[in-house]
S.K.: 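Got a structure here, written out as structure tokens. Questions coming.
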Amino acid sequence: MGDPQPRRLEEILAHEAARIAGLFLLACLQVTLLGLPSGFTLPLVPVLAICRTLLGVSAAFPDVGLGRALRWALYGGLALDVFAATPLGAHALALLLAVLVVAGLTRRLRVERPAVPLLAVLVGMLIYETVLALFLQPGGIEWRSYLLVVVLPSVVVALAPTLPLFLLLRRLLRGQL
Amino acid sequence: MRDFLDDRPVKLRRERSPVPASLRPFVLAVGLCLLAGMLVFLDRRGVITPARQMLQSLTAPVARQLTGLRDDLGAFLSAPRGTAALEARIAALERENGELRNQLLRLEQARVENNFLRQQLAIQQAHPWTLLGAEVTVRSPDGGRRMITIARGSREGLRPGMAVIGQLPGPPAALIGIVETAGPHTAHVLLITDVSSQVSGRVIHQDRAEVGLVQGQWQRGSRLQLGQITRDLELAPGDSVVTAGLTGALQLPFDLAAIPPNIPIGSVDQVRVLDQYQIAEVRPFVDPDQVGYVWVILSQDD
């Protein structure tokens with residue numbers, strides 16, 4: 001299913017290495033250049049992973065597209081873990097769950113509508129932040145204040161670049177959809 | 001969207017399949033989630049923590065560079081634009097600079113005062129004196145008289161005849177002069193090196209002591225001279241000279257009875273014999289010309 005001809009192993013490995021390097025670069029940009037004066041960071045990697053999921057599930061071969069989106073989530077999450085000094089896998093698992101839920105919810109939707117990427121990022125970021133909170137705040141959370149102080153602002157910050165990033169990504173990946 | 005093989009536009013699907021094409025992506029998702037969860041578990045157990053830390057150390061230089069770039073960019077973007085904004089910014093910075101300089105000055109003054117108070121405390125712990133610290137405000141403008149003016153006066157209890165001591169790093173606190181006149185807020189101190197200064201002194205040689213007269217010699221090319229020491233006591237370089245506390249008995253023009261005994265003055269440098277007496281050149285422990293802060297001995301505890 002998907003590619004008409006099976007690719008060679010070295011080709012697959014080269015593609016994966018390029019994907020890993022690219023996502024490490026994006027994660028590096030996120031943690032260094034995209035900090036906001038308010039203390040939040042523009043969540044470039046999560047937003048891109050969610051947008052990639054939308055494009056993947058709406059492509060001609062959704063299984064392949066979703067598989068690639070999941071790998072984006074894994075590599076991007078691991079890269080964030082490396083840069084953020086969190087337990088390796090924490091960001092990755094949060095992002096994988098967010099991507100999985102978004103994929104499940106948007107299978108029946110038409111992603112060309114602007115509201116779909118926004119809703120997808122909204123839902124995805126809520127899941128992402130919640131799972132991260134569970135991993136990174138093991139001592140118990142006062143959820144009401146955490147929601148107001150951390151989660152909601154993070155989601156709003158994530159929504160701001162969603163549409164431009166979605167359109168840019170769709171343009172860049174047009175050959176793979 | 002265009003297909004990359006035949007360059008024809010590719011449309012995203014409009015009609016969605018109600019069922020997944022296969023279970024493959026979900027199996028992959030579960031597998032990746034398990035992998036991530038296992039990584040978290042292993043990292044929390046410390047198994048892969050060294051690998052993560054190694055990756056962090058590898059990426060740290062790049063991250064540091066990029067963060068510096070962002071900071072520079074932020075500073076550039078937040079910098080004022082236009083002449084008016086720049087002038088306002090310069091004015092604000094100048095105000096801030098002035099305030100900071102004032103604060104620095106106050107801190108430096110406090111530090112200096114703190115040092116003087118520490119010195120005073122150490123002197124008072126070593127000697128039974130009640131001291132009053134004073135800054136030297138004016139030094140001798142010429143060689144006519146060796147005097148200084150200090151920023152304390154009769155309002156603070158100063159009286160003519162009181163001993164004034166100073167201290168420099170190394171030697172003990174020692175006599176540098178005597179209050180000659182005291183105004184309400186300032187006092188003039190005649191330095192012991194002035195040729196008109198005469199103080200009764202006691203020279204200590206081994207276990208014996210002899211009383212003599214310490215006279216200033218600055219205008220004669222040296223510092224101090226100890227005279228009227230009989231030849232019974234054989235002086236030697238290095239012998240210490242302290243105040244004898246008898247100056248009041250010398251009936252000098254001003255009251256010197258307030259000088260307590262045993263204030264260090266200096267040490268014998270050279271000795272010469274003149275008739276029945278010995279005369280010693282004395283090197284003061286504290287050069288009166290070098291002190292910037294002095295203490296007046298107000299009283300002595302008996």
Side-chain angles (χ1 to χ4, degrees), chain A residues 1-2 24-25 27-29 31-35 37 55-67 69-71 73-74 77-79 81-97 99-100 103-104 106-112 135 170-171 173-177, chain B residues 1-5 7 9-49 51-60 62-71 73-74 78:
Chain A
M1 168 170 296
F24 259 79
L25 181 64
C28 187
L29 292 178
V31 299
T32 56
L33 294 180
L34 300 183
L55 293 172
V57 298
S58 63
F61 304 105
D63 292 354
V64 175
L66 183 56
L70 288 168
R71 291 204 293 278
L74 178 72
L78 290 176
D81 286 325
V82 169
F83 284 109
T86 48
L88 202 63
H91 281 88
L93 187 55
L95 204 46
L96 281 169
L97 290 174
V99 161
L100 202 55
T106 56
R107 287 180 71 85
R108 297 173 187 277
L109 300 176
R110 294 162 67 172
V111 299
E112 292 88 349
F135 267 104
R170 195 168 74 169
R171 183 171 179 79
L173 298 178
R174 62 188 171 191
Q176 299 179 28
L177 298 176
Chain B
M1 309 289 297
R2 290 182 173 276
D3 187 283
F4 74 105
L5 288 176
D7 204 33
V10 172
K11 298 283 186 187
L12 294 176
R13 286 178 294 114
R14 301 292 187 206
E15 299 301 327
R16 314 308 306 266
S17 170
V19 292
S22 75
L23 287 176
R24 185 177 159 189
F26 294 101
V27 172
L28 178 65
V30 171
L32 292 180
C33 286
L34 285 175
L35 174 65
M38 193 175 68
L39 286 173
V40 174
F41 175 74
L42 291 175
D43 200 358
R44 290 229 162 119
R45 297 291 296 268
V47 177
I48 57 171
T49 307
R52 176 169 59 79
Q53 289 170 342
M54 191 187 71
L55 275 174
Q56 284 169 353
S57 62
L58 286 175
T59 54
V62 179
R64 194 163 49 243
Q65 290 289 328
L66 287 172
T67 304
L69 185 67
R70 183 196 63 186
D71 293 343
L73 192 65
S78 61

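We name chains A, B, ... by the order of the sequence lines, and we start the count at 1 in each one.
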S.K.: Within the structure provided, determine whether B/Thr59 and A/Cys28 are in side-chain contact (heavy-atom separation under 4.5 Å).
M.R.: no

S.K.: So, A/Asp81 and B/Arg52, do they make that salt bridge, N to O below 4.0 Å?
M.R.: no

S.K.: When rounded to the nearest 0.5 angstrom, what distance separates CG in B/Asp43 from CE in B/Met38?
M.R.: 12.0 Å

S.K.: Can you tell me which of B/Thr67, B/Leu39, B/Val40 forms the most heavy-atom pairs within a distance under 4.5 Å of chain A?
M.R.: B/Val40

S.K.: Contact between A/His91 and A/Phe83 at the side-chain level, heavy atoms closer than 4.5 Å - yes or no?
M.R.: no

S.K.: Given that the side chain runs from C-beta out, which part of A/Leu78 has a heavy atom under 4.5 Å from chain B: side chain, backbone, both or neither?
M.R.: side chain

S.K.: Please flag which part of B/Leu55 lies under 4.5 Å from any non-hydrogen atom of chain A: side chain, backbone, both or neither.
M.R.: both

S.K.: Which atoms of A/Leu74 come close to chain B, meaning under 4.5 Å heavy atom to heavy atom: side chain ones, backbone ones, both, or neither?
M.R.: side chain

S.K.: Given heavy-atom pairs under 4.5 angstrom as the criterion, report whether the side chain, backbone, both or neither of B/Leu73 touches chain A.
M.R.: neither

S.K.: Just give me the residue among A/Leu97, A/Val99, A/Leu93 that pairs up with chain B most often, heavy atom to heavy atom, under 4.5 Å.
M.R.: A/Leu93

S.K.: Do B/Phe41 and B/Val47 have side chains that get closer than 4.5 Å, going by heavy atoms?
M.R.: no

S.K.: Using side-chain heavy atoms (C-beta onward) and a distance below 4.5 Å, is B/Arg70 in contact with A/Thr32?
M.R.: no

S.K.: What part of A/Leu70 gets closer than 4.5 Å to chain B, counting heavy atoms only: side chain, backbone, both or neither?
M.R.: both

S.K.: Tell me which of these, A/Leu88, A/Leu29, A/Leu100, has more heavy-atom pairs under 4.5 Å with chain B than the rest.
M.R.: A/Leu88

